[in-house]
Visitor: 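This is the structure I want to talk about, given as structure tokens.
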Amino acid sequence: MRSPVPEYLASVLEDCRRFDGGAVTEGNPVVASADPDTFAVSLATVAGSLHEAGDTDTEFSIQSIAKAIAYALAIEDNGIEAVLEAVDVEPSGDSFNEISLEAETGRPRNPLINAGALAVHSMIRGSGSEERAARMTALLSTMADRELSIDQSVYEAELASDDRNTAIAHLLKSVGHLDAEPADVVDGYARQCAVSVTCSDLARIAAVMANGGKNPETGVQILDPEVDRHVLAVMATCGMYDGSGSWLASVGIPAKSGVAGAIIGVLPGQVGIAVLSPRLNEHGNSVRGVAVFERLSRDLGLHMMHVAPSGESAIRSVTESEDMTSVELQGDLRFAGAEAVISRLLAAVTENRSVAIDFKEVRAVDGAARRLLTEAVHALEDDGHRVSVEDPDGFMDSPDRSETTGENHVPVGQR
């Protein structure tokens, strides 16, 4: 049996070829030499599957897509508060290379425009531009699950045409928001933009971010989950430059674009998507890339505001016997699911009844659900009910394993 997903993706590419407006970037002559008809899409799931169609083996420079990963690395190096003191997280409403600084503080408006990206790059730990760029390349390689490298010709052309970024770097230095010398930062930033990738590399990188910073195939935690969430929030509001508002409304997927014509999209808990098509619109975003994302969002229900109710779906079954109420749970438990479980228990449990809660079919429990369910178990025990919990994966264990249980609690396997 073949998966229908690659065939579907190929049909989307074919349908979106009619969008032939826009133009290839002119800022970097190497990037400008790209074939304007190159077209590819890759989709990687948090379960570890990869589906692709089109020119997915074509290599190109990552360009501004690296800004999102550099932001994560700078936060890991310095902590969120220190980075926020240097760079804000507000949409600028300006194009990617505008000099957009806060009048009061001199901070760049966000880390995904060039001014913010230069400040962020300067905060990555390293003795100079080469070490900072090497750390970035290593992180991207880990996320893509293959060794990536810097395209020397793209780097040299990038540096030769970086007068505007040099001016921005000097301005940032003058207001105290650059942690290294301007020339060194611009050099490192040019190297960061010149990392060579394929569309499928970017989909794998996006899937790591969709999976809470964890590699879906190996299970290795690459990015701190809280850092990953913060970066995705900024991508949602700022990742498509002055087109971010219309993107969020129509596509609804946190994203980042680059002038080589690529766009990555990250739908938390589901998929990472990458599209490549070099012709850009007036916002600096791929014309066909935007069209593909709009189609996928509509066809596959990927808009992040399109969320099915999760409460009742957390309950797999409720069974009643003469003196016991048994609740079997399933899936991913969050606040709404835990609250639904508690509401069902309140309606079902009468005086002197025992309660059995089964977590065997549960995949994950977040902190809010764990706290809510723990309090509910304690409340049942305090009311005199005998409670047993079947939790083979230890979802209900407190992080420090220090929570006590009531005298009516029955350990797993001792009902």
Side-chain angles (χ1 to χ4, degrees), residues 45-47 75-76 80 208-216 218-233 266-270 304 307-320 324-349 353-415:
T45 73
V46 297
I75 295 173
E76 297 263 11
I80 183 66
V208 169
M209 301 180 78
N211 199 38
K214 182 183 294 185
N215 184 307
T218 66
V220 174
Q221 192 73 46
I222 300 171
L223 299 177
D224 180 277
E226 291 189 10
V227 173
D228 185 63
R229 182 182 63 189
H230 176 85
V231 172
L232 291 180
V266 180
L267 188 61
Q270 293 198 51
M304 67 183 189
V307 180
S310 62
E312 287 298 319
S313 64
I315 302 174
R316 184 180 179 89
S317 67
V318 178
T319 57
E320 303 275 354
M324 176 172 290
T325 299
S326 298
V327 181
E328 187 181 15
L329 309 181
Q330 65 181 3
D332 295 1
L333 294 184
R334 299 183 178 181
F335 169 79
E339 193 283 328
V341 173
I342 292 170
S343 295
R344 184 68 70 90
L345 287 172
L346 286 173
V349 176
R353 289 183 67 85
S354 295
V355 178
I357 306 175
D358 191 338
F359 284 80
K360 287 198 300 292
E361 299 299 325
V362 170
R363 193 180 79 98
V365 180
D366 73 5
R370 182 185 298 110
R371 290 190 296 271
L372 200 60
L373 290 170
T374 297
E375 289 299 318
V377 168
H378 291 339
L380 285 166
E381 292 170 341
D382 290 343
D383 288 344
H385 298 285
R386 183 178 173 85
V387 181
S388 61
V389 177
E390 187 78 25
D391 183 17
D393 293 313
F395 289 123
M396 292 297 288
D397 291 342
S398 61
D400 60 3
R401 308 268 176 169
S402 63
E403 286 191 11
T404 57
T405 56
E407 63 180 9
N408 287 312
H409 181 74
V410 181
V412 173
Q414 298 182 28
R415 295 183 180 180

Visitor: Asp224 vs Glu76, test: side-chain contact (heavy atoms from CB on, under 4.5 Å). Steps then yes/no.
Guide: CA-CA 8 Å; Asp224 180 277; Glu76 297 263 11; 3.5 Å; yes

Visitor: Applying side chain to side chain contact (heavy atoms under 4.5 Å, CB included), can you list everything that pairs with Glu320, at least two apart in sequence or on another chain?
Guide: Val318, Thr325, Ala348, Arg353

Visitor: State, with a plain yes or no, whether a side-chain heavy atom of Ile80 is found less than 4.5 Å away from one of His230.
Guide: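 Answer yes - side chains close enough.
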
Visitor: Which atom names give the shortest non-hydrogen contact between Leu329 and Glu361, and what distance separates them?
Guide: O-CB, 3.5 Å

Visitor: Can you name the residues that form a salt bridge (Lys or Arg N to Asp or Glu O under 4.0 Å) with Arg363, not counting sequence neighbours?
Guide: Asp332

Visitor: Is there a side-chain contact between Pro216 and Thr45 (heavy atoms, below 4.5 Å)?
Guide: no

Visitor: Just wondering, more than 12 heavy atoms not from Glu226 lying within 6.0 Å of its CD?
Guide: no

Visitor: Roughly how far, to the nearest 0.5 Å, is CZ of Arg370 from CZ of Phe335?
Guide: 15.5 Å

Visitor: Can you give me the closest heavy-atom contact between Leu372 and Ala338, atom names plus distance?
Guide: CD2-CB, 3.9 Å

Visitor: Identify, with sequence neighbours excluded, every residue that meets salt bridge (Lys or Arg N to Asp or Glu O under 4.0 Å) alongside Glu328.
Guide: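 Result, salt bridge (Lys or Arg N to Asp or Glu O under 4.0 Å) vs Glu328: Arg316.
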
Visitor: Going through the checks in order, is the side-chain contact (heavy atoms from CB on, under 4.5 Å) test met by Arg386 and Val355?
Guide: CA-CA 6 Å; Arg386 183 178 173 85; Val355 178; over 6 Å; no

Visitor: Mind checking whether Ser354 and His385 have side chains closer than 4.5 Å, heavy atoms only?
Guide: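 Of all side-chain heavy-atom pairs linking His385 with Ser354, none is under 4.5 Å.
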
Visitor: Which heavy-atom pair separates Gly337 from Ala314 by the least distance, and what is that distance?
Guide: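 Shortest heavy-atom separation between Gly337 and Ala314 comes out as CA-CB, 3.8 Å.
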
Visitor: Nearest heavy-atom pair of Met324 and Ala356: which atoms, and what distance?
Guide: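 So the two residues come closest at SD-CB, 3.9 Å.
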
Visitor: Between Thr374 and Met396, is the side-chain contact (heavy atoms from CB on, under 4.5 Å) condition met? List the steps.
Guide: CA-CA 7 Å; Thr374 297; Met396 292 297 288; 3.2 Å; yes

Visitor: With sequence neighbours excluded, what pairs up with Gln270 under the side chain to side chain contact (heavy atoms under 4.5 Å, CB included) test?
Guide: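 With sequence neighbours excluded, Gln270 shows a side chain to side chain contact (heavy atoms under 4.5 Å, CB included) to Leu267, Leu302, given in chain and number order.
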
Visitor: What pairs with Asp393 under side chain to side chain contact (heavy atoms under 4.5 Å, CB included), at least two apart in sequence or on another chain?
Guide: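 Here the qualifying residues are Phe395.
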
Visitor: Rounded to the nearest 0.5 Å, what's the gap from NE2 on His378 to CG on Asp383? Could you check?
Guide: 13.0 Å

Visitor: Which pair of non-hydrogen atoms, one from Gly213 and one from Asp228, has the smallest distance, and what is that distance?
Guide: N-OD2, 3.5 Å

Visitor: Asp391 and Asp397: which non-hydrogen atoms are nearest, and at how many Å?
Guide: OD2-N, 4.3 Å

Visitor: For the atom pair CD1 (Ile357) and OG (Ser326), what is the distance rounded to the nearest 0.5 Å?
Guide: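 Between atom CD1 of Ile357 and atom OG of Ser326 there are 10.0 Å.
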
Visitor: Side chain to side chain contact (heavy atoms under 4.5 Å, CB included) with Ala210: which residues, sequence neighbours excluded?
Guide: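 Expected list: Val46, Val266.
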
Visitor: Quick one: pull up CD in Gln330 and OG in Ser317 and give me the separation to the nearest 0.5 Å.
Guide: 8.5 Å

Visitor: CE/Met209 to CG/Asn211 distance, rounded to the nearest 0.5 angstrom?
Guide: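 Going from CE on Met209 over to CG on Asn211, the span is 12.0 Å.
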
Visitor: State, with a plain yes or no, whether a side-chain heavy atom of Leu380 is found less than 4.5 Å away from one of Leu345.
Guide: yes

Visitor: Using a 3.5 Å distance criterion without hydrogens, assess whether the side chain of Glu381 forms a donor-acceptor pair with backbone atoms of Ala376.
Guide: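 Checking the backbone N and O of Ala376 against the side chain of Glu381, no donor-acceptor pair under 3.5 Å is found.
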
